[in-house]
Amino acid sequence: MKSAQTALKPEHQTIRKAILAIPRGHVASYGEIAARAGLPRRARLVGRVLREAGDEAKLPWHRVLRADGRLAFVPRSRDFLEQKRRLKAEGVLVAGNRVDLRRFGWQRDLDAGLWAPPEAD
DNA sequence: ACATTGACTCGCG
DNA sequence: GCGCGAGCCAATG
């Protein structure tokens, strides 16, 4: 039999792990996740992995945004609203359709005294 | 096999 | 801030 098991590629696995590693109350861009997974410039792949994953995968997909802080979904769409709701639920402020990456971006180092991150995980 | 699409990003003007 | 083009590449038509 030739049951194609659509085995999860290792690339997808590392991307999932990178997403899982985003601390609660923080966000990261598609590009950042890709880079962290050892796949620079593969932002689009991150988007694909997220789409294929769906909600069953239980990944914190709502913590993944575009590089400029905007949500990737069409404003007012169902998914957009859901993402906004989840972010708000964990303390991430969404002004209009974007998040302030200086405050909530997944950056451990630059908090040398400004903005004071919501919570150090 | 070719063209388009897309949960993206970056540089340039 | 905005539009354009290029890079990216698997999935879809």
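A, B, ... follow the sequence lines: proteins, then strands. Residue 1 opens every chain. The model shown is predicted, which means the values in this text are computed figures rather than measured ones.
Within the 4.5 Å cutoff, side-chain heavy atoms of Trp106(A) are placed close to those of Arg36(A). Side-chain contact between Asp68(A) and Arg98(A) is present, with at least one heavy-atom pair separated by less than 4.5 Å. Leu45(A) places a side-chain heavy atom less than 4.5 Å from the side chain of Glu11(A). Between Val74(A) and Phe80(A), the closest side-chain pair of non-hydrogen atoms is not below 4.5 Å.
dC8(B) atom C1' lies 14 Å from atom CG of Leu39(A), rounded to whole Å. As rounded to whole Å, 10 Å separates atom P of dC8(B) from atom CZ of Arg70(A). Summarising the geometry, the separation between CZ on Arg42(A) and P on dC10(B) is reported as 15 Å, rounded to the nearest angstrom. Between the CD1 atom of Ile15(A) and the P atom of dC8(B) there is a distance of 13 Å, given to the nearest Å. Across the protein-nucleic acid pair, Trp61(A) atom CH2 and dC8(B) atom P stand 14 Å apart, rounded to whole Å. Distance, Glu32(A) CD to dC8(B) C1': 13 Å, rounded to whole Å.
Contact annotation: Ser29(A) reaches the phosphate of dT9(B) (side-chain N/O to OP1 or OP2, under 4.0 Å).
The pair Arg86(A)-Asp55(A) counts as a salt bridge, with a side-chain nitrogen and a carboxylate oxygen less than 4.0 angstrom apart.
Of the possible polar contacts, one joining the Gln83(A) side chain to the Val64(A) backbone as a donor-acceptor pair under 3.5 Å is found. In this structure, the side chain of Lys84(A) does not engage the main chain of Ala95(A) through any donor-acceptor pair within 3.5 Å.
Donor-acceptor pairing under 3.5 Å is recorded for the side chains of His62(A) and Glu90(A).
Listed in residue order, the members of residues 73-82 of chain A having a heavy atom less than 4.0 Å from DNA chain B are Phe73(A).
No engagement by Arg63(A) is indicated, since no non-hydrogen atom pair under 4.0 Å with the nucleic acid exists. The residue Arg51(A) sits close to a base: some heavy atom pair falls under 4.0 Å. Within 4.0 Å (heavy atoms only), Arg48(A) reaches at least one base atom of the nucleic acid.
By the side-chain contact (heavy atoms from CB on, under 4.5 Å) test, Leu101(A) is found to be paired with Val27(A), Leu65(A), residues two or more places apart in sequence or in another chain being considered.
Map His12(A) and Arg98(A) each onto its nearest nucleotide of DNA chain C; the residue landing nearer the 5' end is Arg98(A).
To the nearest whole angstrom, the two C1' atoms, one in dG3(C) and one in dA7(B), are 22 Å apart.
Note that the first and last nucleotides of DNA chain C, 5' to 3', having any atom under 4.0 angstrom from a heavy atom of chain A are dG1(C) to dA10(C).
Side-chain proximity of Arg44(A) to dT9(B), dA7(B), dG6(B): nearest is dG6(B).
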